[in-house]
Amino acid sequence: MEQKRTGLFENGLIWFGAAVSLAEILTGTYIAPLGFAKGLAAILVGHLIGCILLFLSGVIGGTVRKSAMESVKMSFGQKGSLLFAILNVLQLVGWTAIMIYDGAIAADGIMHTGRWIWCLVIGALIILWILVGVTNLGKINTIAMAALFILTLVLCKIIFFDGGAAGNIFSGGEAAGDAMSFGAAVELSVAMPLSWLPLISDYTREAEHPVKATAVSAVVYGIVSCWMYVIGMGAAIITGESDIALIMVKSGLGIAGLIIVIFSTVTTTFLDAYSAGVSGETIFSGIRGKYAAVIVTVIGIIGAIVYPMDNITDFLYLIGSVFAPMIAVQIADFFLLKRNAERENVQIANLAVWAVGFVIYRILMRIDLPLGNTLPDMVITILLCLIVAKCTGQKQK
């Protein structure tokens, strides 16, 4: 029986759902102190960098029909890739908990029934999405995305165009808050697409046309993610609030706002939990990804109920420092050196290059660069990978 493949439209819907996210809107509010004009420029530059990397990462896994963590073996070896699979599962468990927490806080702010109840409701819907499966989500996702699209347009209209807000936002004023440099805002804008790098191949490998599907995924995600950032930034500038629930309540959305909160959380967090299960298959060959994803969701629900998770900027920077040099090594290997190390146990040279790239990223975090940390770190890591390959005389395989 021929395997069912996803089309371009389905892949576009998946990544539309990934981008329509409370975490994206919340991250946009952090950029508000920069002012609207500079903030918008930083958002666009950051997403351009991040989505090019997202496309390259998706092409690698999609072309060879391997999941994201399986494709990592091509650069770091069978055992070497386990480090990144473990780190990826940990970051995805973290993201699952953060997304459920943010969704529950926002939902409870609109309809006061208790945060833990909303954690359970959102978690149950995520598990339903997982059990239906990525290749069977077509009609459900179409309905959910259509509703989200309409409601997000309404939210956008209320924030930017009602009550003369449009005139205020372009007046050049900056929102109150901690000072932020342009480079830091660019880095926060790169951070979200970067967080999806270790996941995108889990979906592009299922596509009928992997490269085209990857392009559609990256473009759709980039446009919608920019939109979410701008909504968050604009709302923070206009209302002086960074609390999503208060923004929704002040906007008078009520039940419509609640639907946005719940379904945007579900459609985004489903991808995190599902990919955590796929990465789990790389670590333990005997487990089923779907059921591992359900376990990850349950852990996320518990974490969201027990722990406060209000500021995620440090978490975003940690993800960048781990996965930016990782994908840099993969790009050098796949596109430039044309080599494959998946038959090796550990590709020591590449692991060493990654470790240097990780340290360089953490150092660059202390320096205010106009284009953020990710792009310079990846350029340095790619060059270092090419130099090491030449010095060690590693041939193409």
Side-chain angles (χ1 to χ4, degrees), residues 46 49-50 52-54 56-57 59-61 68-91 94 183-184 186-188 190-191 193-201 279 282-283 313-397:
I49 295 169
I52 288 172
L53 300 178
L54 189 67
L56 294 175
S57 181
V59 166
I60 293 171
M69 288 300 108
E70 283 292 321
S71 67
V72 171
K73 292 179 180 178
M74 295 163 61
S75 289
F76 297 97
Q78 292 288 329
K79 303 296 183 186
S81 66
L82 292 179
L83 168 66
F84 300 101
I86 292 167
L87 290 173
N88 192 39
V89 169
L90 290 175
Q91 73 118 348
V186 169
E187 193 58 31
L188 277 180
V190 175
L194 196 66
S195 71
W196 294 109
L197 289 185
L199 285 72
I200 186 169
S201 296
S279 294
T282 303
I283 302 169
T313 51
D314 290 339
F315 181 67
L316 290 174
Y317 286 135
L318 180 61
I319 290 171
S321 60
V322 169
F323 294 110
M326 181 200 80
I327 190 61
V329 172
Q330 286 187 270
I331 289 169
D333 266 359
F334 188 84
F335 293 104
L336 302 175
L337 295 170
K338 311 287 186 185
R339 63 184 183 180
N340 187 341
E342 64 183 334
R343 291 187 180 181
E344 300 177 32
N345 265 332
V346 180
Q347 223 299 339
I348 296 173
N350 278 351
L351 272 177
V353 169
W354 168 81
V356 173
F358 175 85
V359 172
I360 290 171
Y361 187 101
R362 304 304 292 186
I363 293 170
L364 290 175
M365 283 177 60
R366 303 170 183 270
I367 305 169
D368 185 19
L369 299 171
L371 294 179
N373 316 325
T374 298
L375 187 60
D377 179 69
M378 291 191 65
V379 170
I380 293 169
T381 305
I382 289 172
L383 290 174
L384 187 59
C385 192
L386 297 176
I387 291 167
V388 169
K390 187 168 183 64
C391 291
T392 54
Q394 292 173 332
K395 296 179 181 179
Q396 294 179 357
K397 296 182 182 179

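Bear in mind that the values here come from a model prediction, so they are computed numbers and not experimental data. The chain is numbered in sequence order, starting from 1.
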Verdict with reasoning, Met378 to Thr381, per side chain to side chain contact (heavy atoms under 4.5 Å, CB included): CA-CA 5 Å; Met378 291 191 65; Thr381 305; 5.5 Å; no
Closest non-hydrogen atom pair, Gln347 against Ser75: CB-O, 3.3 Å
Exam field: side chain Ser71 to backbone Ala68, donor-acceptor pair closer than 3.5 Å: yes
Sequence neighbours excluded - ring pair (Phe, Tyr, Trp, His ring centres under 6.0 Å) pairs with any residue from residues 313-344: Trp95-Phe315
For the student: nearest non-hydrogen atoms of Cys385 and Arg339, plus distance: SG-NH2, 3.8 Å
Residues which pass side chain to side chain donor-acceptor pair (under 3.5 Å) with Ser201, listed by chain and number, not counting sequence neighbours: none
Residue pair Asn88 / Gln91, side-chain donor-acceptor N/O under 3.5 Å: yes
By side-chain contact (heavy atoms from CB on, under 4.5 Å) - contacts of Leu83 (at least two apart): Leu87, Leu351, Trp354
Counterpart residues, salt bridge (charged side-chain N to carboxylate O under 4.0 Å, His left out), relative to Asp377 (two or more places apart): none
For Ile86, all residues meeting side-chain contact (heavy atoms from CB on, under 4.5 Å), sequence neighbours excluded: Leu90, Ile283
Shortest non-hydrogen contact between Val89 and Ser279, atoms and distance: CG2-CB, 3.6 Å
Crowding at CG, Leu383 (>12 non-hydrogen neighbours, <6.0 Å): yes
Residues forming a side-chain contact (heavy atoms from CB on, under 4.5 Å) with Ile363, sequence neighbours excluded: Val359
Within-4.5 Å side-chain heavy-atom neighbours: Ser81 and Met69: no
Heavy-atom closest contact (Ile331 atom, Ile60 atom, distance): N-CD1, 4.3 Å
Selection residues 320-329 - residue pairs positive for side-chain hydrogen bond (donor to acceptor under 3.5 Å, both in side chains), sequence neighbours left out: Ser321-Arg362
Over all atoms of both residues, closest heavy-atom pair of Ile319 and Ser195: CG2-CA, 3.8 Å
From Leu318 atom CG to Phe358 atom CZ, the distance as rounded to the nearest 0.5 Å: 6.5 Å
Atom pairs and distances, donor-acceptor, side-chain atoms in residues 364-376, under 3.5 Å, two or more places apart:
unit_1, atom_1, unit_2, atom_2, d
Asp368, OD1, Ser181, OG, 2.9
Thr374, OG1, Glu187, OE1, 3.4
Thr374, OG1, Glu187, OE2, 2.5

Nearest non-hydrogen partners of Glu342 and Gln78, listed with the distance: O-NE2, 2.8 Å
Test side-chain contact (heavy atoms from CB on, under 4.5 Å) applied to Ser57 - qualifying residues, sequence neighbours left out: Leu197, Ile200, Ile327
